Amino acid sequence: MANSPTTRAANNSLLHELSLSDYVQIGRHRKWWIIVCALGLFVTCTVMAYRMPDIFRGETVILVDSQQVPDKYVAAIVTADIAGRLTTLQQQVLSPTRLKKLVEAEGLYPDPSGKRTEEDVIHAVQKSITVEVVNPGAGKLGAFKIAYSSQNPNEVARIANHLAQMFVEENLKARENVTLGTAQFLEDQLNQTKRQLDDTDARLRSIKTRNILDLPESKPYHMEALATLRGQVQGIQDKINQDQRDRAILESMLGSGVPAPTLDVDTEQDSGGLTPDGAQLQKLEAKLTELRSRYGPAHPDVRKAQAEINKLQKSIANAPDASVPAVDRKPAIQPEKVSNRRNPVVQAQIEKLDEDIKEQTKLLKPLQERMEFHTSKLAQVPAFEQQIARLQQDYDILRTEYTSLLEKKQAAEMSYALEVHQKAERFVVLDSAQTPVKPAAPNRTLISIAGLLGGLLVGVALAACAEMNDESVRSENEATRISGKPLLSAIPKIVSTHERIVQRWRAVGLIAGTMAGSVVLGFLLSLISRRLF
């Protein structure tokens, strides 16, 4: 049959129309493709698996132990997610600098031949370490596992335990650094706030000391002082007004010619001849005259003075020397007859009132100045009160901040004490690594099975490709589907005994060659992998 694209396309379309028996028939026809591929990959993978060195694994389980002191007594400073902190710790512990110390401590020195440098050893150790979470639950990490893999069974447990100790120490160191750094930061802030608080307090004290009379607390003092001064001023003003009224009355007496008492004593009889009652009577008469001129005849004081005079006159009249005729006596005081005559008594009283008014007026000035002083201080109180209020508010804010920082600093110091005494959250080695009895890898059986399955898949794929590219017709049904017409007869393939023997030897040779090639290929691949990895 001609080899044309049309025929190849027809063959490809026929593959989709085949039944299960047709596929079995194709498998029989292409069985050596499948057998050779499966056998080759199986032998190659098996050789490589058994050529691989044994890998031993040491595991250490670390438990994340929660804080032993309740949070309500001592608040934890480090509140970050443990999973995130574990990632950070892993980066720190598995850094080349830390692993270099581990390599030196455990004697994992480079190859003396120079094939493996120190960087190669550190990189190999870093790849051999795995960190896995064991049982995360309820959003919190409960435990994690540190594993180390190596060809030497005696060193895996030792290195795994060393790594676990490094994780424990690094976690404790990191937590102590965080709490100590927090405490130091809070102490710096506390000292800065304390300085600001002292400065504000000093300013407040200085202002209060220098302006003690301007403080809001001095307002009652100023008001009480003003009330006292107003009372004194009012008393002096009343006194001045009374003196001015008395002066006006006396001046009106001088101007109107009203009789006023004068002293007209007989030159031949000195004053020593009067009896005590007589002298008292003269005084009462002078007082009566003054009261009448000031208040009028109906005033109670005028009536009282008149009653005293009448009583004293009766007493004088009933005295033993009352037989002396009254006409022989000269009155010591007699009224002024002429209105234009100057009255020295009234004039003296007016001058005395003038002097009193001047003295009282002089007393008013310092009192008024003191009133103005207290008034000005009261006027300054609101503005000064606002200034004091602002300073006091700043002081209160700083005081509150200082108290808050002090409490936080004390909490940070307590948290640091917890970390030092290992009473806070910590890593505890739950299961130490033990020297392994058998290797953990490689799983040679699994590798061989994987090679066998992979060879079968590759063989089937190659057989399908060969069948699609093969244009020969091997059955009546295939010829009928291709031509679209029924066949009259078919000639079967005749194989002789010699041809069968030849085919068997070919199969044996093919299998032997495949196995030999696969063994050689497995050795080569194993050598290459050892050199590269």
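Small disclaimer: the values here were computed from a predicted structure and weren't measured. We count residues from 1, following the sequence as given.
Asn161 and Gln165 form no side-chain donor-acceptor contact under 3.5 Å, judged by distance and modelled atom types alone. Looking only at atom types and distance, the side chain of Asn191 has no donor-acceptor partner in the side chain of Glu187 under 3.5 Å away. Under 3.5 Å, the side chains of Asp246 and Gln242 contain a donor-acceptor pair of N or O atoms.
By the 4.5 Å heavy-atom criterion applied to side chains, Ile236 and Leu367 are counted as neighbours. Proximity of Asp54 to Gln151: side-chain heavy atoms (C-beta onward) are nowhere separated by under 4.5 Å. In this structure the side chain of Arg230 reaches within 4.5 angstrom of the side chain of Leu226, judged on heavy atoms. Between Thr97 and Lys100 the shortest side-chain heavy-atom distance does not fall below 4.5 Å. Residues Ile129 and Leu163 have side chains in contact (heavy-atom distance under 4.5 Å, counting atoms from C-beta outward). Residues Val103 and Glu118 form no side-chain contact, since every pair of their non-hydrogen atoms from C-beta on lies 4.5 Å or further apart. Side-chain contact check for Pro436 versus Val156: some heavy-atom pair is nearer than 4.5 Å.
The shortest non-hydrogen separation linking Val61 to Ala143 is CG1-CB, 4.4 Å. In this structure, Met371 and Val233 approach most closely via the heavy-atom pair SD-CG2, 3.8 Å. In terms of heavy atoms, Pro53 sits closest to Pro442 at O-CD, 3.4 Å. Contact record, Lys194 with Tyr402: CD-CE1, 3.6 Å, taken as the closest heavy-atom pair. Contact detail for Val429 and Ala164: the closest heavy-atom pair is CG2-CB, 4.4 Å. Across all non-hydrogen atoms, the minimal contact from Gly58 to Ala160 is O-CB, 3.6 Å.
A salt bridge does not link Arg390 to Asp394: none of the charged side-chain nitrogens sits closer than 4.0 Å to a carboxylate oxygen. A salt bridge between Asp354 and Lys358 is absent, with no side-chain N of the basic residue lying under 4.0 Å from a carboxylate O of the acidic one. Under the 4.0 Å criterion applied to side-chain N and carboxylate O atoms, Lys239 and Asp356 are assigned as salt-bridge partners. A salt bridge links Glu413 and Lys409; the closest N-O separation between the charged side-chain nitrogens and carboxylate oxygens is under 4.0 Å. Under 4.0 Å is where a charged nitrogen must lie from a carboxylate oxygen, and between Arg57 and Glu155 no such pair does.
Within the model, atoms CG of Leu364 and CD of Gln232 stand 10.5 Å from one another, a figure rounded to the nearest 0.5 Å. Here the CD atom belonging to Gln90 is positioned 8.5 Å from the CD1 atom belonging to Ile146, to the nearest 0.5 angstrom. Note that CG of Asp243 and CD of Gln349 are 12.0 Å apart. Values are rounded to the nearest 0.5 Å. Note that OG of Ser150 and CD of Glu106 are 11.0 Å apart. Values are rounded to the nearest 0.5 Å. Within the model, atoms CD of Glu355 and NZ of Lys352 stand 9.5 Å from one another, a figure rounded to the nearest 0.5 Å. For the atom pair CD (Gln410) and CG (Leu186), the distance works out to 11.0 Å, reported to the nearest 0.5 Å.
In this structure, Thr182 contributes its side chain and Val178 its backbone to a donor-acceptor pair below 3.5 Å. In terms of modelled atom types and a separation under 3.5 Å, the side chain of Asp188 and the main chain of Phe185 share no donor-acceptor contact. A donor-acceptor pair under 3.5 Å links the side-chain atoms of Asn177 to the main chain of Lys173, judged by distance alone. With hydrogens and angles disregarded, a donor-acceptor distance shorter than 3.5 Å links the side chain of Gln126 to the backbone of Leu94. In this structure, Thr361 contributes its side chain and Ile357 its backbone to a donor-acceptor pair below 3.5 Å.
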Just do the side-chain contact (heavy atoms from CB on, under 4.5 Å) check on Arg98 and Ser95 with the steps written out, would you?
CA-CA 5 Å; Arg98 302 289 180 85; Ser95 63; 3.2 Å; yes
Kindly determine whether Val131 and Lys145 satisfy side-chain contact (heavy atoms from CB on, under 4.5 Å), including the steps that lead there.
CA-CA 6 Å; Val131 180; Lys145 182 192 304 180; over 6 Å; no
Test side-chain contact (heavy atoms from CB on, under 4.5 Å) applied to Phe167 and Leu86, step by step
CA-CA 9 Å; Phe167 269 86; Leu86 180 59; 4.1 Å; yes
Show the numbers, then the answer: is there a side-chain contact (heavy atoms from CB on, under 4.5 Å) between Arg195 and Asp198?
CA-CA 5 Å; Arg195 289 193 296 269; Asp198 293 340; 5.7 Å; no
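Atom CD of Glu224 has 12 or fewer neighbouring heavy atoms from other residues, nucleotides or ligands inside a 6.0 Å radius. More than 12 heavy atoms of other residues, nucleotides or ligands shown are found within 6.0 angstrom of CZ on Arg158.
Using cut-offs of 30° and 60° on the angle between ring planes, the pair Phe427 and Phe144 is perpendicular.
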